[in-house]
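Scroll down for the structure; my scribbles are underneath it.
Each ligand, and each atom within it, is numbered from 1 in the order the structure gives. The figures here come from the full heavy-atom set of this structure, side chains too, leaving out hydrogens, waters and symmetry mates.
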Amino acid sequence: MNDILQKELLGSGADIVGFADLKGFLDADIAHLHRSISIGVCRNLNEKTVQLLADLQKKAVKILKTEGCKYLCIPPDSDRIINTFVSKLYPMFTHKIAATSAGIGWIGRNGLLVNPTHGPRLSLATVLTDAPLKNGAPIEDCLCGDCRMCIDHCPSGAITGNDWSRKRPFVELVRLSYCSAHKKKSKAVNGKPNCGLCITVCPYGRKIITDEKT
Ligand code: SF4
Ligand code: SF4
């Protein structure tokens with residue numbers, strides 16, 4: 001079933017697809033759906049990204065249903081809607097756990113999933129299922145190496161310089177209060193709470209953006 005899902009999703013606009021077994025990482029309420037399908041789409045599609053991810057999840061579900069498998073779609077973080085059934089699961093699940101378990105990337109010093117090809121520029125959605133999928137090989141440690149670009153360019157000093165690993169998944173990477181304070185200040189000056197320098201400067205995936213612009 002991996003091949004069918006991968007072919008359908010990559011052919012429909014996904015930039016990357018990965019499979020994992022999340023046994024031990026999920027809350028008891030959803031532990032029976034411990035296989036995951038991670039779907040990644042480059043963020044530079046902007047507002048179309050969320051819609052594309054939702055469409056891709058539907059395509060995966062169609063295949064899972066045909067095979068008689070159970071499923072649960074977790075929407076991308078940017079499309080989290082409160083007061084829905086799935087919103088109760090948001091605190092119990094992160095797309096990053098599924099993606100690192102599938103071997104799609106590691107959690108970089110900027111706190112984002114970093115993929116060797118696309119860098120920290122992927123938006124993620126996940127479908128949990130009981131389908132008998134083959135798993136990718138998890139990435140266990142931060143692969144940022146000697147790079148400190150995001151740390152050196154962060155205007156608020158939010159990035160701690162700590163390294164993520166699957167053994168220490170909750171180590172503090174970004175001081176969120178520093179980052180939010182900087183974005184608030186930027187909103188007061190520019191009207192928008194923008195920053196994202198820690199994404200822009202990351203050397204992973206920069207080539208793709210350059211290529212797309214030329
Ligand atoms: S968004 Fe800006 S302030 Fe926040 S961590 Fe990234 S570089 Fe730092
Ligand atoms: S900029 Fe460098 S240190 Fe920061 S996430 Fe990217 S590779 Fe890692």
At distances under 2.8 Å, what protein N, O or S atoms surround atom 8 (Fe) of ligand 1?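 Near atom 8 (Fe) of ligand 1, below 2.8 Å, one finds Cys154 SG.
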Do [X] and [Y] pair up side chain to side chain, a donor and an acceptor below 3.5 Å, judged on atom types alone?
X	Y	result
Arg166	Ser101	yes
Asp21	His34	yes
Arg168	Asn162	no

Q) So, Asp163 and Arg109, do they make that salt bridge, N to O below 4.0 Å? A) yes
Would you mind running through ligand 2 and noting each atom that sits below 4.0 Å from a heavy atom of [X]?
X	result
Cys144	3 (S), 5 (S), 7 (S), 8 (Fe)
Tyr204	7 (S)
Met149	1 (S)
Cys202	1 (S), 6 (Fe), 7 (S)

Quick check on Pro203 - does any of its heavy atoms sit under 4.0 Å from an atom of ligand 2?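 Flag set, Pro203 near ligand 2.
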When every non-hydrogen atom of Cys142 is compared with those of Trp106, the smallest separation belongs to CA-CD1, 3.7 Å
ask   = Is there a donor-acceptor pair closer than 3.5 Å between any side-chain N or O of Gln57 and the backbone N or O of Val127?
value = no
min-distance protein heavy atom vs atom 1 (S) of ligand 1 -> Gly196 N, 3.4 Å
Could you check whether Trp164 and Phe170 have their ring centres less than 6.0 Å apart?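 No, ring centres 6.0 Å or more apart.
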- Task: Indicate yes or no: at least one non-hydrogen side-chain atom of Lys70 is less than 4.5 angstrom from one of Leu33.
- Result: yes
Tell me whether Cys147 has at least one N, O or S atom under 2.8 Å from atom 8 (Fe) of ligand 2.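 For Cys147, the answer is no, given that no N, O or S atom comes within less than 2.8 Å of atom 8 (Fe) of ligand 2.
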* Asked: Would Leu128 and Tyr71 satisfy side chain to side chain contact (heavy atoms under 4.5 Å, CB included), going step by step from the backbone distance to the final call?
  -> CA-CA 5 Å; Leu128 297 178; Tyr71 60 87; over 6 Å; no
